[in-house]
Amino acid sequence: IPIYLSNRNNVRKHLFQHNVFFPIHWPFDGMNLSKGNELADKELSIVIDQRYSETDMSYILNLLGDFVK
C-alpha cells in the first residue's frame with residue numbers, strides 16, 4: 001500500500017530502528033515528470049503479504065501512527 005508522507009525519510013528511519021523495512025520509490029531521473037518526482041520523494045510502500053500476521057501488521061501500524069501524528 002503506497003502512502004504519501006511529507007517526512008518520509010524520517011518515518012523510514014524510525015521504522016528501520018524498529019526492524020521494519022519498507023521500499024521507497026526512486027525519482028524518475030531524466031524524465032520530465034515533476035509531479036512524479038514529487039510523489040517519488042514522499043511515497044513509502046507498506047508491504048502486506050502472507051508472511052505477516054495480524055499482530056505484525058498492528059505493530060507496524062502502531063509504529064506509523066505513533067510517529068506520523
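The residues of the chain are indexed from 1 along the displayed sequence.
Distance check: His14 NE2 to Leu63 CG gives 5.0 Å after rounding to the nearest 0.5 Å. Rounding to the nearest 0.5 angstrom, the gap separating the CG atom in Leu15 from the CG atom in Leu64 is 5.0 Å. For the atom pair NZ (Lys42) and CG (Asn9), the distance works out to 9.5 Å, reported to the nearest 0.5 Å.
You'll find the side chain of Phe22 stays beyond 4.5 Å of the side chain of Val11, heavy atoms only.
Atom CD of Gln17 has more than 12 neighbouring heavy atoms from other residues, nucleotides or ligands inside a 6.0 Å radius.
Scanning for side-chain contact (heavy atoms from CB on, under 4.5 Å) contacts around Ile48 gives Ile1, Ile46, Met57, with sequence neighbours left out. In this structure, the ring-ring contact (aromatic ring centres under 6.0 Å, His included) partners of Phe16, at least two apart in sequence or on a different chain, are Phe21. In this structure, the side-chain contact (heavy atoms from CB on, under 4.5 Å) partners of Ser53, at least two apart in sequence or on a different chain, are Thr55, Asp56.
Nearest heavy-atom pair across Tyr59 and Val20 is CE2-CG2, 4.0 Å. Closest approach of Val47 to Pro23, counting heavy atoms only: CG2-CD, 3.6 Å.
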